[in-house]
Number of protein chains: 2
Amino acid sequence: MPATSSTPSHLGCALLGLLARAPSTGYDLARRMQRPVGYFWSARHSQIYPELARLERAGLVVHQVVDGAGPRPTKRYAVTPAGMAALRAWVGEEAQPQPVRDLETLRLWSVWTVEPETARGLVRQARAGHEEALHAYQAELSSIAGQPEAQDRSHPLFASVLTLEGGVRTRRAAVEWCDWMLQRLG
Amino acid sequence: MPATSSTPSHLGCALLGLLARAPSTGYDLARRMQRPVGYFWSARHSQIYPELARLERAGLVVHQVVDGAGPRPTKRYAVTPAGMAALRAWVGEEAQPQPVRDLETLRLWSVWTVEPETARGLVRQARAGHEEALHAYQAELSSIAGQPEAQDRSHPLFASVLTLEGGVRTRRAAVEWCDWMLQRLG
DNA sequence: CCTTTCATGTAATGGGTTACATGATTCG
DNA sequence: CGAATCATGTAACCCATTACATGAAAGG
């Protein structure tokens with residue numbers, strides 16, 4: 001008897017995407033979630049472990065106990081055929097526009113209430129953050145863009161290049177925007 | 001006896017920012033939260049009403065009962081001097097890099113698992129969304145950029161121009177990125 | 001010896017969405 | 001006469017963060 005198949009949560013789909021690229025332990029997923037997935041999604045281990053259990057109950061992943069250093073048995077998870085199907089279905093879904101949540105812009109929106117020097121400091125900080133991210137994306141991108149698999153549309157690296165290119169472009173635009181603002185703030 | 005003054009929640013600061021521009025009822029704040037603030041932050045009325053009560057308990061806003069059409073008394077809120085100070089303090093705070101949460105990119109990251117035509121559909125949808133947002137921002141921007149107050153660094157409209165310019169630049173970059181991806185996806 | 005890394009879990013709390021609830025006025 | 005707008009609130013639920021808890025091995 002298969003579990004009722006509603007699409008898993010966003011986090012569940014993120015984990016399926018990670019496991020479809022390489023089977024992992026929960027601990028390992030938490031690390032991969034920081035980098036490189038953290039560029040566009042994030043989760044802590046405290047959220048990952050219960051979600052893995054939910055995915056397994058739904059038949060989308062299975063685990064196998066392996067040797068490890070923790071006090072409890074170390075579990076290596078892998079995607080099942082049903083899990084792969086769920087991932088594909090989710091990717092193909094109609095995407096409804098998600099609400100934006102940008103704390104930096106929210107703060108900037110009230111920048112008229114503070115001293116010019118405070119405002120400049122705020123923008124300089126934002127610029128530094130965007131530039132740092134830009135460099136990280138560019139480094140990651142140049143390390144994989146040369147590999148032949150990056151040309152293959154059905155290979156994970158192909159998708160990695162697409163997302164990294166997006167990161168590079170938006171961060172570059174953000175840095176330019178900060179420079180434009182610094183000019184206006186005299 | 002003033003309330004203990006820890007910085008309010010992000011939502012609280014968003015509401016202070018709205019009220020600093022113009023006193024409003026909770027209902028009105030919910031509408032303004034959709035547009036134009038919805039470009040970078042959002043909240044429902046069910047979240048706004050309790051937060052207004054919290055801000056009032058902290059002495060950052062006050063309300064005045066006015067004539068209105070609802071079954072309960074209609075309340076118009078305004079920022080107090082303490083509220084204005086809290087808003088300024090929050091804007092000047094050290095900004096720690098916030099975790100990104102981009103569902104569109106997360107989906108794209110698993111695009112290697114689906115058929116090329118599905119992938120193209122996904123990118124076309126994303127492109128349409130970004131282009132629609134771009135046009136909305138440009139329209140809003142051109143409606144205020146001409147006004148003389150938009151040049152005054154201590155006027156709300158000045159900050160509106162900054163945020164809208166950022167929206168235009170990032171959405172433009174996103175549209176170009178989608179076109180770049182469509183080329184690669186044949 | 002102390003810190004880091006491996007490794008998995010739970011509990012408390014905060015933030016956010018959806019749904020429930022009420023009721024007058026205005027417009028088609 | 002039904003739908004939309006004005007107008008405020010509560011309750012249930014989901015998602016996410018922080019903190020609590022345990023314990024071995026490796027390296028400085």
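The chains referred to below are lettered A, B, ... by the order of the sequence lines, with proteins before strands, and numbering in each begins at 1. The basis for the numbers below is simple: all heavy atoms, side chains too, and nothing from hydrogens, waters or symmetry mates.
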To the nearest Å, give me how far apart [atom1] ([X]) and [atom2] ([N]) are.
X: B:D28; N: D:dA7; atom1: CG; atom2: P; answer: 8 Å
X: B:Q47; N: D:dC15; atom1: CD; atom2: P; answer: 16 Å
X: B:L106; N: D:dC15; atom1: CG; atom2: C1'; answer: 15 Å
X: B:L103; N: D:dA16; atom1: CG; atom2: P; answer: 10 Å
X: A:Q98; N: D:dC15; atom1: CD; atom2: P; answer: 16 Å

With no hydrogens and no angle check, is any side-chain donor or acceptor of B:R32 less than 3.5 Å from a backbone partner on B:A22?
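Yes: the side chain of B:R32 pairs with the backbone of B:A22.
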Using a 4.0 Å heavy-atom cut-off across all strands, classify A:R76 as base, sugar-phosphate, or nothing.
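A:R76: no heavy atom of the nucleic acid under 4.0 Å.
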Looking at every strand, decide which applies to B:H45 at a 4.0 Å heavy-atom threshold: base, sugar-phosphate, or nothing.
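Base, at least one base atom sits under 4.0 Å.
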Heteroatom pairs (N/O) under 3.5 angstrom, protein to nucleotides 22-27 of chain D:
| residue | atom | partner | partner atom | Å |
| --- | --- | --- | --- | --- |
| D:dG23 | N2 | A:A69 | O | 2.8 |

Quick check: on DNA chain D, is the nucleotide nearest B:R31 upstream (toward 5') of the one nearest B:K75, or the reverse? Name the residue that is more 5'.
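Its nucleotide being nearer the 5' end, the pick is B:R31.
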Nucleotide range of DNA chain C contacted by chain A, 5' to 3', under 4.0 Å to a heavy atom?
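Nucleotide range in contact with chain A: C:dT5 to C:dG16.
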Between A:S46 and B:W41, name the one whose nearest nucleotide on DNA chain C is closer to the 5' end.
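By nearest-heavy-atom nucleotide position, the 5'-most residue is A:S46.
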Based on the rotation axes of five pairs at each end, what angle does the helix from C:dC1-D:dG28 to C:dG28-D:dC1 bend through, to 10°?
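If I round to tens, the end axes sit 30° apart.
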